[in-house]
Enquirer: 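Below is the structure I would like to discuss, written out as structure tokens.
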Amino acid sequence: SIWYGSGMSKKATPIVLSEDERSALERLMRGGSTEQRLVARASIVLAAAKGDATTQIAKEQGVTAATVSKWRMRFAKDRLAGLRDAPRSGQPVRYGEPAEKRVLARLEQPPPSGYATWNGRLIAEALGDVPKHQVHNILRQRGIQLQRRRSWCIGTDPEFAAKAADVVGLYLNPPENALVLSVDEKPHIQALERAQGYLKLPNGRAVTGFSHEYKRHGTSTLFAALNVVTGQVQAGHYKRRRRVDFLHFMNRVIAEFPGREMHVILDNLNIHKTKTGGWLDKHPNIHFHFTPTHASWMNQIEVWFSVLSRGALRGASFTHVDQLRQAIDRFIAAYNPKAAPFEWRKAIVRQTALKPSYANLLN
């Protein structure tokens with residue numbers, strides 16, 4: 001008998017049966033409850049034992065020559081056991097709550113030596129029997145992103161609630177006929193000179209951009225006061241951030257509103273507090289309100305500083321500090337006519353634990 005494959009011929013595997021094997025195969029052939037596939041395989045082996053060629057057996061059985069060759073070789077290797085189906089992998093392993101608990105519990109433990117944080121691959125290697133893709137599925141379902149960096153600042157001010165309520169009260173219900181200002185400084189703004197221009201792409205398109213290289217031409221400190229009711233801003237440029245500069249700026253601000261009652265929201269920087277008592281005694285209509293410690297984010301001028309950075313500073317190029325200051329002044333001149341107050345929308349504040357337990361996510 002001839003086996004065809006890869007353009008070469010090979011002699012068929014010879015089959016020699018013992019008496020017990022022949023009897024077992026014949027019983028399979030006669031068995032009324034024998035599976036048809038076992039009957040067909042037994043018939044192939046019996047025909048091969050008679051010396052029939054592979055192609056002849058395939059024609060008589062109505063199968064391919066490859067099928068005949070397969071069962072000839074399986075029987076020659078494993079005898080009667082070779083006619084049984086090989087073990088199947090079965091249904092994919094399902095990972096339920098036990099695997100999820102193990103993944104979350106592993107996150108509570110220190111990462112392997114040499115690593116600062118866990119990742120999906122390290123967790124899978126540590127568990128041994130949960131594949132990496134399943135680890136990522138569990139983390140994704142739980143909204144856990146191991147590579148995202150988070151930070152927090154714990155308020156230690158014993159008067160946090162009272163100070164926060166005072167500031168928020170000024171935002172939500174400003175005193176009648178009084179001016180509410182949010183004041184702070186943006187120090188050390190750099191005058192950076194960047195190479196700018198058009199870049200021609202291979203497809204013919206042109207894009208604008210600037211080089212990552214730059215030259216420094218000094219820094220400037222910006223003091224700014226945001227009118228909480230109107231959203232308009234008054235600013236002043238200074239070389240440094242000192243108490244004398246702060247008071248000089250405040251004198252300029254109050255000069256614009258002579259005799260007006262004024263409530264000024266400030267953070268806890270020392271230049272806002274140290275030795276300003278004498279200045280406040282001279283201006284009894286001016287009232288300072290300080291945000292809680294580590295809560296300068298409650299000062300709305302910080303929001304405007306972000307608006308300024310996006311609108312006038314990010315990606316800009318300056319060859320001198322004066323150009324930087326002029327650019328800021330132009331932005332304020334364009335901003336104020338269209339200014340609108342910031343809306344305080346936070347209605348509910350939830351306190352979270354300092355170090356949440358991943359294992360508790362299943363509770």
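Just so it is clear, the values below take in all heavy atoms, side chains as well, and ignore hydrogens, waters and symmetry mates.
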Enquirer: Can you name the residues that form a side chain to side chain donor-acceptor pair (under 3.5 Å) with Q190, not counting sequence neighbours?
Expert: R216
Enquirer: Hey, do the aromatic rings of H287 and H263 have their centres closer than 6.0 Å?
Expert: yes
Enquirer: Would L139 and Q141 satisfy side-chain contact (heavy atoms from CB on, under 4.5 Å), going step by step from the backbone distance to the final call?
Expert: CA-CA 5 Å; L139 297 178; Q141 291 170 4; over 6 Å; no
Enquirer: Is the centre of the H272 ring less than 6.0 Å from the centre of the F246 ring?
Expert: yes
Enquirer: Main chain of P187, side chain of Y238: is a donor-acceptor contact present, judged purely on distance under 3.5 Å?
Expert: no
Enquirer: Take L266 and H289, measure what side-chain contact (heavy atoms from CB on, under 4.5 Å) needs, and give me the verdict at the end.
Expert: CA-CA 6 Å; L266 299 160; H289 302 261; over 6 Å; no
Enquirer: So do the side chains of I189 and L222 get within less than 4.5 Å of each other, counting heavy atoms only?
Expert: yes
Enquirer: Does N336 reach the main-chain N or O of A333 with its side chain, forming a donor-acceptor pair under 3.5 Å?
Expert: no
Enquirer: Without swapping roles, check the side chain of Y171 against the backbone of Q300 for a donor-acceptor pair under 3.5 Å.
Expert: yes
Enquirer: Within the distance-only criterion (no hydrogens, no angle test), does the side chain of N268 pair as donor or acceptor with the backbone N or O of T291 below 3.5 angstrom?
Expert: yes
Enquirer: With ring centroids as reference points, do F223 and H248 lie under 6.0 angstrom apart?
Expert: no
Enquirer: Please determine whether side-chain contact (heavy atoms from CB on, under 4.5 Å) holds for the pair V321 and K239, giving the CA-CA distance in whole Å, both sets of side-chain angles, and the decisive distance to 0.1 Å.
Expert: CA-CA 10 Å; V321 171; K239 291 183 178 180; over 6 Å; no
Enquirer: Quick one: side chain to side chain donor-acceptor pair (under 3.5 Å) partners of T293, sequence neighbours excluded?
Expert: D157
Enquirer: Keeping the roles fixed (side chain from S69, backbone from A65), state whether a donor-acceptor pair exists under 3.5 Å.
Expert: no
